[in-house]
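This report concerns only the one structure given below.
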Amino acid sequence: MLLLRHSCAHVMAEAIQRIVPGAQLVYGPPVDNGFYYDIAFPDDRPLKEGDFDAIEKEMAAIVGEDRPFTRYDMSAEEGLAKLNGEGSKYKVDNAKRAIEAREEDSSESYPTMEGTDSSESRPTLLSFYATGEPGTDWEDLCRGPHLPSTGRIGAFKIMSLASSYWHGDETSDRLTRVYGTAFFKPKQLEAHLALLEESKARDHRVLGKKLRLFHIDEAVGQGLVLWTPAGSVIRKELQDFIGEELRKQGYMDVFTPHIGKLELYKTSGHFPYYAQSQYAPIMERDFLQGIADEGCSCAELANMVATGSVKGYLLKPMNCPHHIKIFDSQPHSYRDLPVRLSEFGTVYRWEQSGELNGMIRVRCFTVDDAHLFCREDQIADELKGCLSLVKFAFGTLGLNDFRVRVGLRGPDSDKYVGTSENWDRAEKACLDAAAQLGTPVSKEPGEAAFYGPKIDFIVKDVIGREWQLGTVQVDYNLPERFDLSYIGKDNKPHRPVMIHRAPFGSMERFVAVLIEHFNGAFPLWLSPEQVRVLPISDKSNDYADDVVNRLKDARVRTSVDTSGDRIQAKIRNAAEMKIPYLAVVGPRDAQASKVSIRARGIQKNLGQMDLDQFVAAIRSEIDTKGTESVSARFS
RNA sequence: GCCGCUGUAGCUCAGUGGUAGAGCGCACCCUUGGUAAGGGUGAGGUCACGGGUUCAAAUCCCAUCAGCGGCUCCA
């Protein structure tokens with residue numbers, strides 16, 4: 001498959017160069033679902049989506065000719081001379097890098113496929129692949145290998161255009177990345193495209209609109225999520241769920257403001273280090289008036305804002321400084337530790353506009369945050385506690401498809417604060433705690449924060465993009481910066497260690513992930529609407545109201561559909577909203593104090609149940625979070 | 001922020017220089033129907049926003065705002 005897709009990238013590149021003669025090739029590797037080719041287009045002839053048809057036509061012609069992929073080798077000198085002659089700076093660069101990489105270390109894999117020679121016996125050779133006859137047909141510097149001939153490419157499609165940077169460097173040349181995909185058989189391509197359609201329907205942004213879970217309004221601002229009533233139910237249920245567990249684990253709730261003095265964030269180090277990703281400071285009116293009176297120019301003011309030499313407040317980018325100040329508001333004995341302060345704390349970050357994504361990447365989000373202040377010898381136990389909470393919460397939600405990344409120190413030891421012995425212990429504690437989760441754990445040296453090792457939970461969205469959810473981080477830095485202390489057994493002050501932990505990460509991102517995970521069909525306890533009562537006709541409306549009232553008394557979220565629709569339409573409408581249970585009521589049910597039950601995902605009437613029994617069964621499914629289910633009583 | 005694409009009714013979308021369209025939803029009427037769309041009538045739009053070209057712009061051009069796909073970033 002990789003060969004197929006890489007070969008197809010060559011075919012596409014040839015087709016593109018026929019249509020846009022000045023286009024210079026850069027890299028063209030296969031990727032997960034296809035391949036791409038980074039290409040530098042002349043400024044006066046950018047590639048547009050409108051060109052796709054023409055390119056695909058050319059590609060079909062090349063495939064139809066069934067030309068063989070032919071490899072030939074040249075020495076480094078010859079190859080470079082040839083590429084120089086062709087005036088392709090990108091290919092020359094690829095070749096040079098390939099040669100260098102090989103001379104330095106042949107075992108090191110080269111980041112791009114181009115130009116690396118898999119044959120170690122001829123280390124200074126560069127290989128080229130011609131699509132047909134070398135010298136007469138189209139060719140490309142390439143390590144290969146390839147399919148025997150173009151005719152083997154059964155089905156292909158150009159998918160999209162994107163921009164990229166040369167060597168992934170923002171300041172370097174901007175390239176156009178053309179994505180395509182290819183399969184051996186047309187049916188496979190059709191299946192792949194159908195899967196993409198399905199994924200799109202599962203996207204939290206699509207479902208969020210359809211199920212009315214959240215709204216983002218231009219008039220409010222980019223990346224600022226408005227939680228609708230339905231979405232708020234889910235968030236509130238999650239908060240109550242996690243809050244209950246936190247109380248069991250000895251956490252104490254706190255509430256803190258959304259802003260804090262700029263100076264506070266200088267102490268914490270968030271300013272100016274993260275100044276780029278923060279909203280600009282909120283300045284005091286007197287301060288602004290004062291500098292205006294002194295004749296301060298806009299440029300001067302902008303500079304003052306950038307350097308933080310203004311009097312004002314920041315929308316908080318993190319909750320830690322506030323929690324630290326609560327901890328530090330009174331002295332602590334070693335006997336008091338650990339102190340665990342928790343808050344669903346809302347934070348604000350100025351993410352780049354192109355990075356925003358539904359509820360997954362936003363500018364204002366609420367962290368299920370907590371900060372643990374503990375002794376060095378308590379770190380391991382506290383980490384275990386955090387991880388068991390994550391295990392429990394994720395397990396309850398059936399969210400098992402995530403991976404764990406443990407960020408450890410990298411080789412350059414200068415950038416890390418805290419003693420080496422403490423780091424050793426903390427890293428070991430993180431690894432031990434992570435191991436208890438029973439999911440894949442990857443150790444990643446160099447991924448630790450400068451202030452301590454961390455454990456991150458990472459999930460994939462419906463399109464396969466990975467997102468970080470929760471995180472648990474050991475921190476030696478902030479206690480230092482804020483000069484925190486507790487009184488030890490020896491009656492002397494000691495420095496506590498902080499653990500930052502947020503099992504869900506942000507409520508916004510977590511709910512987005514859940515929407516996709518459940519495909520909008522939330523378990524009963526999370527469902528915004530749990531039961532919808534459907535009278536057969538308005539003759540049964542009164543009984544339907546009775547049923548609704550009984551359910552409401554049992555704290556079940558419910559409504560009744562008294563529209564003029566026939567029962568078929570009512571069922572269809574409720575099914576589209578993915579409501580877990582439908583209680584159909586007609587004269588036959590009213591007369592016997594029963595309801596006819598239909599469960600989500602089961603395309604038939606399950607049968608009648610006594611109303612009393614149904615109310616109790618629903619309540620129990622909610623309370624057990626699905627361990628006991630109403631529909632199971634019919635099987 | 002960068003490149004490409006997109007923006008038309010509450011939603012999904014058609015319309016590509018000459019009087020603004022469909023389906024769903026909504027309102028009203030008829031239908032009172034037992035498990036995934038009963039029928040009719042009607043309301044609803046500054047065609048994202050601001051400029052320009054033109055006798056004439058939803059349509060062409062420029063800028064702005066927003067969304068999408070990537071890139072870069074991500075405590």
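Chain naming here is simple, since letters A, B, ... match the order of the sequence lines and numbering starts at 1 in each.
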ask   = When all nucleic acid strands are considered with a 4.0 Å heavy-atom cut-off, which category describes A:Tyr36: base, sugar-phosphate, or nothing?
value = nothing

request  = Could you work out the separation of B:C71 and B:C55 based on their C1' atoms and round it to a whole Å?
outcome  = 46 Å

key: Touch class at under 4.0 angstrom, heavy-atom based, for A:Gln276 against every strand present   = nothing

ask   = Has the side chain of A:Arg349 got a donor or acceptor atom sitting under 3.5 Å from an opposite partner on the base of B:A75?
value = yes

ask   = Whole Å only: how far is the CD1 atom of A:Ile55 from the C1' atom of B:G4?
value = 13 Å

inquiry  = Rounded to whole Å, please give me the gap between CH2 in A:Trp350 and C1' in B:C73.
reply    = 15 Å

inquiry  = Looking only at the side chains, is there a donor atom on one of A:Asp589 and A:Ser596 sitting less than 3.5 Å from an acceptor on the other?
reply    = yes

query = Are any of A:Asn357's side-chain N or O atoms less than 4.0 Å away from OP1 or OP2 of B:G70?
reply = no

message = Is a donor from one side chain sitting under 3.5 angstrom from an acceptor on the other, for A:Glu529 and A:Ser559?
response = yes

request  = Among the candidates B:G34, B:G69, B:C73, find the nucleotide nearest to the side-chain atoms of A:Gln352.
outcome  = B:C73

query = Can you tell me if A:Tyr476 uses its side chain to pair, donor with acceptor, with the backbone of A:Asn422 under 3.5 Å?
reply = yes

query = Quantified in whole Å, what is the P atom distance between nucleotide B:G70 and nucleotide B:A37?
reply = 36 Å

message = Without decimals, in angstroms, what is the distance between A:Arg572 CZ and B:A37 P?
response = 6 Å

ask   = So does A:Gln603 get a side-chain nitrogen or oxygen closer than 4.0 Å to the phosphate oxygens (OP1/OP2) of B:U35?
value = no

request  = Establish whether the base of B:G1 is bridged to the side chain of A:Tyr165 by a donor-acceptor pair shorter than 3.5 Å.
outcome  = yes

ask   = Can you find an N or O donor on one side and an acceptor on the other, under 3.5 Å apart, linking the side chain of A:Arg598 with the base of B:A36?
value = yes

query = What's the closest nucleotide to the A:Arg361 side chain, out of B:C74, B:U12, B:A36?
reply = B:C74

task = Given side-chain contact (heavy atoms from CB on, under 4.5 Å), test A:Gln530 with A:Thr558 step by step and report yes or no.
result = CA-CA 6 Å; A:Gln530 294 168 317; A:Thr558 182; over 6 Å; no

ask   = Does A:Ser353 have a side-chain nitrogen or oxygen under 4.0 Å from the phosphate oxygens OP1 or OP2 of B:G1?
value = yes

message = Under 4.0 Å, counting only non-hydrogen atoms across every strand here, what does A:Ala569 touch: a base, just sugar-phosphate, or nothing?
response = sugar-phosphate

request  = For B:C5 versus B:C62, give the span between their P atoms, rounded off to a whole number of Å.
outcome  = 11 Å

query = Base, sugar-phosphate alone, or nothing: which one does A:Lys210 contact when heavy atoms must sit under 4.0 Å apart?
reply = nothing

task = Could you tell me whether the side chain of A:Ser537 has a donor or acceptor atom within less than 3.5 Å of a complementary atom in the base of B:G34?
result = no

message = Does the plane of the ring in A:His258 sit parallel, tilted or perpendicular to the ring in A:Tyr348? Use 30° and 60° as the thresholds.
response = tilted

Whole angstrom value for the distance that separates P of B:G34 from CG of A:Asn605 = 13 Å

Complementary nucleotide of B:G4, counting Watson-Crick and G-U pairs under 3.5 Å = B:C68

Cation over ring face, A:Arg177 and A:Tyr36, 6.0 Å, 45° = yes

task = Assign A:Ile567 to base, sugar-phosphate, or nothing according to its heavy-atom contacts below 4.0 angstrom with the strands shown.
result = sugar-phosphate

query = More 5' along RNA chain B: A:Tyr451 or A:Tyr179, using each one's nearest nucleotide?
reply = A:Tyr179

query = Expressed as a whole number of Å, how far does the P atom of B:U59 sit from that of B:G52?
reply = 14 Å

ask   = Are OP1 or OP2 of B:C2 and a side-chain N or O of A:Arg177 less than 4.0 angstrom apart?
value = no

note = Sequence neighbours excluded, the answer for side chain to side chain donor-acceptor pair (under 3.5 Å) partners of A:Ser268 is A:His270

message = How many whole angstroms separate atom NZ of A:Lys209 from atom C1' of B:C11?
response = 8 Å

ask   = Please give, in whole Å, the distance from B:U32 P to A:Gln568 CD?
value = 15 Å

task = Considering only atom C1', compute the distance from B:G15 to B:G21 and round it to an integer number of Å.
result = 7 Å

query = Can you tell me if A:Lys316 uses its side chain to pair, donor with acceptor, with the backbone of A:Pro321 under 3.5 Å?
reply = no

task = Could you run through nucleotides 5-10 of chain B and give me one letter per nucleotide, 5' to 3': B if any protein heavy atom sits under 4.0 Å from the base, S if only the sugar-phosphate is that close, - if neither?
result = S-----

ask   = Does any nucleotide pair with B:U46 by Watson-Crick or G-U wobble geometry, both distances under 3.5 Å, and what is it?
value = none

message = Looking at the base of B:G34, is there any donor atom on it, or on the side chain of A:Asp589, that sits under 3.5 Å from an acceptor on the other one?
response = yes

query = Across all strands shown, which nucleotide pairs with B:U19 by Watson-Crick or G-U wobble geometry, both distances under 3.5 Å?
reply = none

key: Integer angstrom distance from the C1' of B:A14 to that of B:C24   = 15 Å

task = Starting from C1' on B:A48, measure out to CD on A:Gln222 and report it in whole angstrom.
result = 14 Å

request  = Give a yes or no on whether A:Gln568 atom CD has more than 12 heavy-atom contacts from other residues, nucleotides or ligands under 6.0 Å away.
outcome  = yes

message = I need the CD-C1' distance between A:Gln473 and B:C74, as an integer number of Å.
response = 12 Å

task = Please measure how far the C1' atom in B:A56 lies from the corresponding atom in B:C65, and state the result in whole Å.
result = 28 Å

Nucleotide opposite B:A58 in a Watson-Crick or G-U pair, distances under 3.5 Å = none

task = Could you check which nucleotide pairs with B:C24 in any of the strands shown, counting Watson-Crick or G-U wobble with both distances under 3.5 Å?
result = B:G10

ask   = Reckon A:Arg205 has a side-chain N or O less than 4.0 Å from the OP1 or OP2 of B:C68?
value = yes

query = Quantified in whole Å, what is the P atom distance between nucleotide B:U6 and nucleotide B:G42?
reply = 36 Å

task = Under 4.0 Å between any heavy atoms, over every strand shown, what does A:Ser596 touch: base, sugar-phosphate, or nothing? Just pick one.
result = base

request  = Kindly assign one of parallel, tilted or perpendicular to the pair A:Tyr451 and A:His500, based on the angle between their ring planes and the thresholds 30° and 60°.
outcome  = tilted

task = Decide salt bridge (charged side-chain N to carboxylate O under 4.0 Å, His left out) for A:Arg403 and A:Glu466; before the verdict, give the C-alpha distance in whole Å, the side-chain angles of both, and the deciding distance to 0.1 Å.
result = CA-CA 10 Å; A:Arg403 67 185 183 91; A:Glu466 286 200 321; 3.0 Å; yes

task = Output yes when at least one side-chain N/O atom of A:Lys570 is less than 4.0 Å from OP1 or OP2 of B:G33, else no.
result = no

Residue met sooner reading RNA chain B from 5', once A:Gly586 and A:Arg509 are mapped to nucleotides = A:Gly586

task = Would you indicate which nucleotide in B:A36, B:C71, B:G34 comes nearest to any side-chain atom of A:Pro587?
result = B:G34

